[in-house]
Protein chains: 2
Amino acid sequence: MGEQKIRNMEEFAALSGISRPTVSKYFNDPNSVRPSTRERIEAALEHCDYRPNIYAINQNRRLTKNIGIVVPFLADPFFAEIARQIEQRCIAAGFWPILFSAHGQQELENNILDSLRSLKPAGVLLAPLGRASDRKKVEAFCAEVPTVLFDSNIAGIGEAFVGSDNFSFVSQSVEYLSRTGEPPCFFEMRTPANPNANKRRAAYFKTMETLGLEPRVIKIEGEGWSFEEIGRDGARRVLEDRSLPTNTVLCSNDRLAIGFLAACYERGLRVGRGDGCALRVASHDDHPFSRFTCPSLTTVAHDYDSVANRSVETLFELIEGGGRLPERTETLFPARLVLRASA
Amino acid sequence: MGEQKIRNMEEFAALSGISRPTVSKYFNDPNSVRPSTRERIEAALEHCDYRPNIYAINQNRRLTKNIGIVVPFLADPFFAEIARQIEQRCIAAGFWPILFSAHGQQELENNILDSLRSLKPAGVLLAPLGRASDRKKVEAFCAEVPTVLFDSNIAGIGEAFVGSDNFSFVSQSVEYLSRTGEPPCFFEMRTPANPNANKRRAAYFKTMETLGLEPRVIKIEGEGWSFEEIGRDGARRVLEDRSLPTNTVLCSNDRLAIGFLAACYERGLRVGRGDGCALRVASHDDHPFSRFTCPSLTTVAHDYDSVANRSVETLFELIEGGGRLPERTETLFPARLVLRASA
DNA sequence: AGAAAAACTTTACGCGCGTCAAGATTTGGA
DNA sequence: TCCAAATCTTGACGCGCGTAAAGTTTTTCT
């Protein structure tokens, strides 16, 4: 291969002995041509590495095969991991995924949406920043481009939402902790970036009420996406003040918990469920690093696979349906308690 | 804005009262037209949100404004962070960065290179997988597309390399550790994924020799990019066997060290430089999580900023030079020792 | 074997923009 | 004020491919 220099489909068609429109048909769907024709084209492809010009292709299609994937913060391995899974599924389905991260900034999220408009994607999978999102711009975008939201919901925006069931997360952690020791207080940011945090707080109240226990929430200061640092600094203060109402802390998410554990370690507080332990700490997300914390973190896991799968499936349905779904569905997957050493 | 529906540059030109070729000129470089003309065009842009069709643009350019960014493993926050910095610099310079991750797999890296060829990028910033890379394919790619390697070097491939100076990393850590306690043994994977690991081992030998100390290397088993797990499992074995030759361990990189610390914690070994500590552990990279380990990790930091900056600058020079540089340069930035609690 | 169906070839146009050439207009400087 | 330089307009072609229409060949099925 690589002998000839083919400049366009015309030349390639001549080389293969098949007419250009048929070759074009082949590249759109290899199964749409007769097997014997397909063989001749593929034989020709062995002799040169011709590939159709994607810009010319996309210019003449109303819709491209591009799929935009937008996450709020790619430096969080949680998003990197789910983006990876989504990416692979799009490729397997013959689409061209393009990954974007807003890096926690509204301005960047807006720029990404603008870029995506230019790309004329067949569809977009969007995990919005949440509180920091420019709601109107996201809404306007979703009205133009077939979009499925994932991870973080914005009511009424996008053709569908797929995510994890925050109530399932929190009810499991709260029930487990209450059953095996002191009921937990809830440790979170005062102004969380992500709307899931609000749902988790609500679920905490609800579950504590159901169990007949008194809820206690600790709100810490901090802005942005440096959750570990915010969690550590907040924990330092709480431990300094000795203001923890219980010996059991349920963090809103694993990244805060990672910071909490760091603060505990600094103060020489032993965390875990053993006898010599001063505290139990648990959390939610099953962050990729949570199995390597000290102690390893008891948490509640997202069903990554299902969320990625269903997000992509829903987007494909949306694309096949011409960009609209009969109604906006919200799919929530239950979580799974992961017992480790910290609680 | 958003009143009119503009379908192409022809219509937009009519609306703005400027001829289409001049409008085209404006979009290629707003400063290439007379200020009064620019104002009229930009006034028209207020009334409608016209943007040129990028596919039509790129079809008629030999080179696009795209820049490919390829990293080996995006779920590693180190790469996410450096990709972010590179991305922002490209955008600031008017380019379109497109981010790809090989997710540790050769097949994916090859696919990415194929995709990039189709994108006709102005240039590519490539951090190759390293040992797992398909050397010939990477070489063939770099011969076609102006490419700057970063982070991980492959001798002779690409127009330039920009990365960190592994000798600087290791000499600083070894000297510090030897000066303040027992000299370190070197903890690494037997078959490291990344060529930097080999350079670090060599630097360890060299530095130990210079200091007149006997080098001791611990090689652990494991394949792939789950370094934390590999490090933890390797450490478990070493601690179980009591086969550590010294009380000071220098890990090849932070992710191995994170696993090492987890294993120490499991066994109740106190890590740090204090009196009650059984072990000192240090490492290299200043991974974003290394400040939140227990104890926080003494490490040697990449000069992220300089590496990102110089990579991008070098690529821009390459692009301006028409895709070739006078000679292949290798730029190595020194590292910076970061003292924390673990050593 | 014959006819209908399927797949192909030929021819041609259009997509939206880059870019060139020739001529008209505006600008800046003496 | 006048001229050269800079900038603009007009008109036209080409990029590589999608896609439609009309006619031809091949396949499939009875």
Side-chain angles (χ1 to χ4, degrees), chain A residues 4-45 48-66 94 96 115 117-122, chain B residues 4-45 48-66 94 96 115 117-122:
Chain A
Q4 321 263 348
K5 277 292 165 189
I6 302 298
R7 316 193 54 184
N8 54 38
M9 196 181 280
E10 195 80 50
E11 289 185 20
F12 175 76
L15 188 139
S16 71
I18 305 290
S19 71
R20 191 178 70 75
T22 302
V23 171
S24 170
K25 208 154 168 278
Y26 165 83
F27 279 111
N28 280 322
D29 177 8
N31 286 314
S32 67
V33 301
R34 199 150 45 199
S36 62
T37 308
R38 178 171 176 173
E39 279 169 25
R40 289 173 66 189
I41 293 174
E42 288 174 352
L45 276 175
C48 59
D49 60 348
Y50 168 73
R51 303 183 65 177
N53 180 308
I54 53 165
Y55 298 108
I57 292 174
N58 285 333
Q59 181 175 15
N60 292 318
R61 263 206 246 283
R62 202 174 54 79
L63 235 53
T64 68
K65 296 287 261 180
N66 297 328
W96 198 328
S115 296
R117 260 184 271 256
S118 294
L119 285 174
K120 302 183 194 306
Chain B
Q4 321 264 350
K5 277 291 165 189
I6 302 296
R7 315 194 56 184
N8 54 38
M9 196 181 281
E10 195 79 50
E11 289 185 20
F12 175 75
L15 188 138
S16 70
I18 305 290
S19 71
R20 191 178 68 75
T22 303
V23 171
S24 171
K25 208 154 169 281
Y26 165 82
F27 280 110
N28 280 321
D29 177 8
N31 287 315
S32 67
V33 301
R34 201 183 296 158
S36 61
T37 306
R38 178 171 177 172
E39 279 168 24
R40 289 173 65 190
I41 293 175
E42 288 174 351
L45 276 176
C48 58
D49 60 347
Y50 169 73
R51 304 182 64 176
N53 180 307
I54 52 165
Y55 299 108
I57 292 174
N58 285 332
Q59 181 175 13
N60 292 319
R61 262 207 246 281
R62 202 173 54 78
L63 236 50
T64 67
K65 295 289 260 179
N66 298 327
W96 256 62
S115 296
R117 261 185 270 254
S118 294
L119 285 174
K120 302 183 196 302

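A, B, ... follow the sequence lines: proteins, then strands. Residue 1 opens every chain. What's counted below: heavy atoms across the whole structure, side chains too, no hydrogens, waters or symmetry copies.
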Worksheet item: With a 4.0 Å cut-off on heavy atoms, is B/Y50 in touch with a base, just the backbone sugar-phosphate, or nothing at all?
Response: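 Counting heavy atoms under 4.0 Å across all strands, the contact made by B/Y50 is with sugar-phosphate only.
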
Discussion item. Could you tell me the boundaries of the chain B footprint on DNA chain D, defined by atoms under 4.0 Å from its heavy atoms?
Written reply: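 Nucleotide range in contact with chain B: D/dT7 to D/dG16.
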
Without placing hydrogens or testing angles, list every side-chain donor-acceptor pair under 3.5 Å for residues 6-15 of chain B, not counting sequence neighbours.
| residue | atom | partner | partner atom | Å |
| --- | --- | --- | --- | --- |
| B/N8 | OD1 | B/E10 | N | 3.2 |
| B/N8 | OD1 | B/E11 | N | 3.0 |
| B/E11 | OE1 | B/R7 | N | 3.3 |

Discussion item. Among residues at least two apart in sequence or on other chains, which ones pass side-chain hydrogen bond (donor to acceptor under 3.5 Å, both in side chains) with B/S115?
Written reply: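 Partners of B/S115 by the side-chain hydrogen bond (donor to acceptor under 3.5 Å, both in side chains) criterion come out as none, since no residue qualifies.
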
Fill in: side-chain hydrogen bond (donor to acceptor under 3.5 Å, both in side chains) involving A/S118 - partner list, sequence neighbours excluded
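Here no residue qualifies.
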
Item to complete: Starting from P on C/dG18, measure out to OH on B/Y55 and report it in whole angstrom.
Response: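 These atoms are roughly 16 Å apart.
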
Worksheet entry | Length of the line joining A/I18:CD1 and C/dT10:P, which is rounded to integer Å |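 A/I18 atom CD1 is separated from C/dT10 atom P by 10 Å.
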
Discussion item. Name the residue from B/T37, B/V33, B/N31 that meets the side chain to side chain contact (heavy atoms under 4.5 Å, CB included) definition with B/Y26.
Written reply: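 So the option named by the test is B/V33.
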
Worksheet item: Just by modelled atom types, is the A/L119 backbone N or O under 3.5 Å from a matching donor or acceptor in the B/Y55 side chain?
Response: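 Yes; at least one donor-acceptor contact below 3.5 Å.
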
Discussion item. Determine whether a donor-acceptor pair (N or O, by modelled atom type, separation under 3.5 Å) exists between the side chain of B/K25 and the backbone of B/S32.
Written reply: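 Answer holds: yes.
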
Discussion item. For a quick check, tell me whether the side chain of A/R20 and the base of C/dT10 share a donor-acceptor pair closer than 3.5 Å.
Written reply: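 Between C/dT10 and A/R20, which were checked side chain against base, a qualifying N/O pair under 3.5 Å is absent.
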
Worksheet entry | Nearest heavy atoms of A/G17 and A/R40, plus distance in Å |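 In this case the closest contact between A/G17 and A/R40 is O-NH2, 3.2 Å.
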
Item to complete: With sequence neighbours excluded, tell me which residues meet salt bridge (Lys or Arg N to Asp or Glu O under 4.0 Å) with A/R38.
Response: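 Salt bridge (Lys or Arg N to Asp or Glu O under 4.0 Å) list for A/R38, sorted by chain: A/E42.
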
Worksheet item: Which residues, if any, of residues 24-41 of chain A bring a heavy atom under 4.0 Å of DNA chain C?
Response: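 Hits under 4.0 Å, by residue number: A/V33, A/R34, A/T37.
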
